[in-house]
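Remember, predicted model here, so these are calculated numbers, not experimental data. Below, chain A is the first sequence line, B the second, and so on; all start at residue 1.
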Number of protein chains: 4
Amino acid sequence: MQNQNKRKKILDAATHVFAEKGFHQAKMDDIAQRAQVAKGTLYYNYSSKSKLFAATVTGGMDEIMASISHEMESELPFIEHFRLLVSCTIRLYLHHSQVTRIYSNELSIGIDSETLDEIKKARQRFIEFISDMLLTGQEKGYLKPLNPRLSALALVGIVDSLCNAHLNESNASSSDEIINTVFCILSEGLVNHSK
Amino acid sequence: MQNQNKRKKILDAATHVFAEKGFHQAKMDDIAQRAQVAKGTLYYNYSSKSKLFAATVTGGMDEIMASISHEMESELPFIEHFRLLVSCTIRLYLHHSQVTRIYSNELSIGIDSETLDEIKKARQRFIEFISDMLLTGQEKGYLKPLNPRLSALALVGIVDSLCNAHLNESNASSSDEIINTVFCILSEGLVNHSK
Amino acid sequence: MQNQNKRKKILDAATHVFAEKGFHQAKMDDIAQRAQVAKGTLYYNYSSKSKLFAATVTGGMDEIMASISHEMESELPFIEHFRLLVSCTIRLYLHHSQVTRIYSNELSIGIDSETLDEIKKARQRFIEFISDMLLTGQEKGYLKPLNPRLSALALVGIVDSLCNAHLNESNASSSDEIINTVFCILSEGLVNHSK
Amino acid sequence: MQNQNKRKKILDAATHVFAEKGFHQAKMDDIAQRAQVAKGTLYYNYSSKSKLFAATVTGGMDEIMASISHEMESELPFIEHFRLLVSCTIRLYLHHSQVTRIYSNELSIGIDSETLDEIKKARQRFIEFISDMLLTGQEKGYLKPLNPRLSALALVGIVDSLCNAHLNESNASSSDEIINTVFCILSEGLVNHSK
DNA sequence: CATGAATGAGAATTCATTCAT
DNA sequence: TATGAATGAATTCTCATTCAT
């Protein structure tokens with residue numbers, strides 16, 4: 001319990017520092033200091049920097065998926081349900097920006113391949129999670145029968161791109177405008193068919 | 001002349017190494033060796049690793065934009081023109097994967113802010129470049145009047161996400177399937193309105 | 001305790017190497033080797049080469065001043081007291097030649113200004129220390145009422161010049177001859193007033 | 001002639017840069033730029049950085065000695081003559097501070113021994129030059145029969161110490177006060193014999 | 001005579017990791 | 001379990017010197 005408490009403190013500190021500085025700029029010293037433990041304690045709990053990083057990403061993505069699942073439990077007409085998927089993905093993306101910033105920016109090599117795989121798997125799980133939701137929509141006939149994995153990648157790619165811009169730039173659009181735009185594009189596309 | 005030749009050799013080597021390893025893992029030694037020049041020559045031509053990196057990204061993005069512009073010169077019905085935009089963006093993204101891999105993965109901190117700005121500006125130029133094309137389509141009534149910058153970010157985000165998956169993963173979809181899916185989503189959305 | 005011991009070992013090694021080679025020629029590798037610690041340990045204890053240098057100079061000057069103070073505690077007729085000041089300054093200058101060689105030769109630029117200030121302050125403290133002694137002599141009427149700071153600078157300048165010559169050159173005068181000459185000049189001047 | 005002109009330009013630039021930055025911080029690039037010649041030209045005229053440095057110091061000291069000789073040619077009562085020696089040494093020290101700053105601060109090792117010898121010889125020539133003047137005064141009975149070389153070192157040490165303080169510090173004494181103090185100390189000493 | 005692009009040996013500094021306590 | 005002093009391999013950057021033109 002005391003044990004778990006300490007691991008939690010370390011993980012929180014690591015999440016913060018990795019998000020703020022990126023993997024290579026984050027120093028184990030920074031993390032130890034922020035977690036208020038000695039540097040040795042980091043290694044007592046996680047065998048290396050890479051492993052700690054992987055734990056950060058994996059844990060964070062799991063939390064996000066759990067939150068989305070929770071929010072999506074409500075019964076709604078499909079189109080509202082779909083809008084909810086878009087809106088809560090975006091909200092959680094922004095809310096967990098510390099994790100998603102890691103998720104989207106740190107694919108680079110420089111981590112041992114075993115650990116890199118772990119991170120890639122966390123990403124894939126997220127894509128599959130979205131993909132499953134889209135597949136359900138397709139099976140019920142609400143969505144076009146496009147490749148669901150590519151569709152999920154598209155959804156995540158749009159969300160990622162707009163959220164990153166929102167987080168990085170000062171002349172940012174509001175999160176509501178982002179939600180509306182993403183929903184509009186994903187549901188009806190860019191082309192004006194009335195013409 | 002000899003001079004420009006050597007700068008080109010360095011830039012090519014740098015592009016390759018940065019794309020393969022990412023900024024922090026790329027070593028100046030590697031780049032020098034690949035360019036077949038002495039390490040000092042790197043510094044004689046580019047004042048720091050960051051500056052060399054920025055030159056790599058900026059130059060690469062410029063090339064991509066020039067290629068897209070060139071391909072888009074043809075006269076076509078709008079919808080074909082739009083499909084062409086999608087298709088050539090994806091093709092160039094994949095073809096210049098060395099540059100785009102840098103583009104999408106290396107926003108992280110760890111570069112002096114002046115140089116980071118240079119890189120961000122190159123990205124913004126690319127977004128504006130796409131944004132301008134979409135705006136033209138809107139003005140002619142072919143595209144819905146959505147925020148053009150967000151639309152451009154969406155287009156780039158989708159392309160980025162699918163191309164990265166294509167490049168990183170073994171069970172990849174073909175590039176044609178990617179082009180079709182992206183075009184389909186962007187033009188008509190995911191929702192099946194016939195239902 | 002073990003800690004202080006190691007810092008002492010480093011400081012001793014640094015003093016020796018800086019004195020022998022000067023700041024710019026002294027290599028952190030040399031100092032580490034001489035102190036029998038790893039190079040990282042140097043940086044674990046002193047944040048930079050400059051800081052280590054400053055610690056060397058400051059510590060050395062403090063030791064010298066403490067020794068002079070100690071030797072000057074005895075009660076003597078003024079002129080003997082003054083001769084003692086000259087003689088022990090010179091003896092300590094020669095004995096701590098490792099430090100004083102640094103003191104006199106390394107004002108040059110190439111150290112961050114904060115650290116340079118630290119060193120300059122150590123020098124000023126030494127000048128003030130001598131200056132205070134001269135002032136006391138003036139107040140008691142034993143010394144002429146010349147600007148005490150300039151007088152102290154003169155004393156240190158003479159000692160520095162003669163000791164450096166003594167240390168650098170082979171055809172050196174004995175230290176006793178140096179003490180006599182300095183005392184003679186400082187007490188009565190060069191001019192033969194009997195003529 | 002054109003030739004000599006260029007060597008002069010290089011020497012002037014080198015003097016300035018060495019004085020401002022010290023030997024190790026002065027870069028051949030800086031000197032070349034200041035002299036408005038290519039770096040290769042430096043090496044065409046002086047075989048190495050050390051040699052250029054030595055030429056700078058040697059030339060500068062020669063100029064100073066020539067100036068002092070020139071000023072000392074006048075016929076005056078001895079004591080006035082001696083005061084003139086002090087005053088013109090100090091004035092030239094301050095005026096050629098670019099050279100004297102080098103003279104006094106750059107004994108450190110890090111120059112090949114052959115060139116270091118050249119510099120030491122220039123310093124010795126200056127000491128001998130002063131020493132000869134003092135010896136003449138002794139022979140005529142105007143000065144006490146102290147070791148003339150040590151006396152010269154004392155004179156130069158005092159001048160050096162006070163001039164350096166004057167040049168480095170803001171709360172500086174005026175050059176007149178320096179001249180008076182040095183003359184007073186050297187002619188009559190610090191001790192108040194009336195007591 | 002003059003140039004300046006190219007070189008590469010050399011140095012300071014960083015930081016993940018270890019291990020004695 | 002927890003600590004933090006110690007490590008040393010690894011990396012960026014500097015700059016005197018060379019030499020083809």
Side-chain angles (χ1 to χ4, degrees), chain A residues 2-3 6-7 10 23-33 35-53, chain B residues 2-7 10 24-32 35-52, chain C residues 2-7 10 24-33 35-52, chain D residues 2-3 6-7 10 23-33 36-53 110 112:
Chain A
Q2 183 56 31
N3 187 353
K6 193 157 279 188
R7 282 178 76 93
I10 292 172
F23 180 75
H24 287 292
Q25 295 302 305
K27 307 302 167 210
M28 291 300 263
D29 277 296
D30 301 342
I31 296 171
Q33 187 167 40
Q36 287 178 295
V37 299
K39 216 185 339 178
T41 311
L42 261 42
Y43 284 89
Y44 188 79
N45 286 278
Y46 297 91
S47 61
S48 73
K49 187 185 179 187
S50 295
K51 289 288 185 199
L52 177 53
F53 182 64
Chain B
Q2 184 58 29
N3 187 353
Q4 286 311 308
N5 188 19
K6 192 152 281 190
R7 281 178 76 93
I10 291 173
H24 287 293
Q25 292 303 305
K27 306 304 167 205
M28 292 300 263
D29 276 306
D30 302 341
I31 296 172
Q36 285 178 294
V37 299
K39 217 187 327 181
T41 310
L42 261 41
Y43 286 90
Y44 188 77
N45 285 279
Y46 297 91
S47 59
S48 72
K49 187 184 177 187
S50 293
K51 290 287 186 200
L52 177 54
Chain C
Q2 184 56 30
N3 187 355
Q4 285 312 307
N5 188 18
K6 193 152 280 187
R7 282 179 76 93
I10 290 172
H24 287 292
Q25 292 304 303
K27 305 306 167 201
M28 290 301 262
D29 274 307
D30 302 343
I31 296 171
Q33 188 164 39
Q36 285 176 296
V37 299
K39 219 191 319 182
T41 309
L42 262 43
Y43 286 90
Y44 187 78
N45 286 279
Y46 298 90
S47 59
S48 71
K49 187 183 178 188
S50 294
K51 289 287 185 199
L52 177 55
Chain D
Q2 184 58 29
N3 188 351
K6 192 157 280 190
R7 282 177 76 93
I10 291 172
F23 180 75
H24 287 291
Q25 294 302 303
K27 308 303 168 207
M28 291 300 264
D29 277 294
D30 301 342
I31 296 171
Q33 186 166 39
Q36 287 178 294
V37 299
K39 215 180 347 171
T41 310
L42 261 42
Y43 285 89
Y44 188 80
N45 286 278
Y46 297 90
S47 60
S48 73
K49 186 184 179 187
S50 295
K51 290 287 185 199
L52 177 54
F53 182 63
D112 60 298

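- Remark: A/Y44 is in phosphate contact with F/dT1, judged by side-chain N or O atoms under 4.0 Å from OP1 or OP2.
- Rounded to whole angstrom, the span from the CD atom of C/Q36 across to the C1' atom of F/dT7 amounts to 15 Å.
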Test log, rule side chain to side chain contact (heavy atoms under 4.5 Å, CB included), inputs A/S50 and A/F23: CA-CA 9 Å; A/S50 295; A/F23 180 75; 4.0 Å; yes
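- With hydrogens and angles left out, the side chain of C/K39 and the base of F/dT7 share no donor-acceptor pair within 3.5 Å.
- Between the OH atom of D/Y46 and the CD1 atom of D/I31 there is a distance of 11.0 Å, given to the nearest 0.5 Å.
- Taking atom CG on A/L52 and atom C1' on E/dC15, their separation rounds to 15 Å, with Å as the unit.
- Atom CD1 in A/I10 sits about 9 Å away from atom P in F/dT3, given to the nearest Å.
- Of the two residues near DNA chain F, C/L42 and D/D29, the one whose nearest nucleotide lies more 5' is C/L42.
- C/K49 places its NZ atom 9 Å from the P atom of E/dA11, with the value rounded to the nearest Å.
- Mapped onto DNA chain F by nearest heavy atom, B/S47 and C/G40 fall at different nucleotides, with C/G40 at the one closer to the 5' end.
- Between the NE2 atom of D/H24 and the C1' atom of E/dA11 there is a distance of 13 Å, rounded to whole Å.
- Between the CD atom of B/Q25 and the C1' atom of E/dC15 there is a distance of 13 Å, given to the nearest Å.
- Across the protein-nucleic acid pair, A/K51 atom NZ and E/dA16 atom P stand 17 Å apart, rounded to whole Å.
- Rounded to an integer number of Å, the gap from A/I31 CD1 to E/dC15 C1' is 12 Å.
- Within the 4.5 Å cutoff, the side chain of A/H24 has heavy atoms near those of the B/Q25 side chain.
- Closest to the side chain of A/A38, out of F/dT3, E/dT13, F/dC15, is F/dT3.
- Rounded to 10 degrees, the angle between the two end axes of the helix from E/dA2-F/dT21 to E/dT21-F/dA2 is 10°, with five pairs used at each end.
- Summarising the geometry, atom CG belonging to A/L42 is positioned 10.5 Å from atom OG belonging to A/S48; distances are rounded to the nearest 0.5 Å.
- The structure places NZ of D/K49 at 8.0 Å from OH of D/Y43, a figure rounded to the nearest 0.5 Å.
- The listed nucleotides are F/dT18, F/dA2, E/dT3; the one nearest the side chain of D/Y43 is F/dT18.
- Contacts of C/A32 with the nucleic acid, taken as non-hydrogen atoms under 4.0 Å apart, are absent.
- A close approach under 4.0 Å does occur between a side-chain nitrogen or oxygen of A/K6 and OP1 or OP2 of F/dA2.
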Could you walk me through whether C/M28 and C/L52 pass side chain to side chain contact (heavy atoms under 4.5 Å, CB included), step by step? CA-CA 10 Å; C/M28 290 301 262; C/L52 177 55; 4.2 Å; yes
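- Sequence order on DNA chain E of the closest nucleotides to D/N45 and A/M28 puts D/N45 first from the 5' end.
- A cation-pi arrangement is not found for D/R7 relative to D/Y44, the charged atom failing to lie both closer than 6.0 Å to the ring centre and inside a 45° cone about the ring normal.
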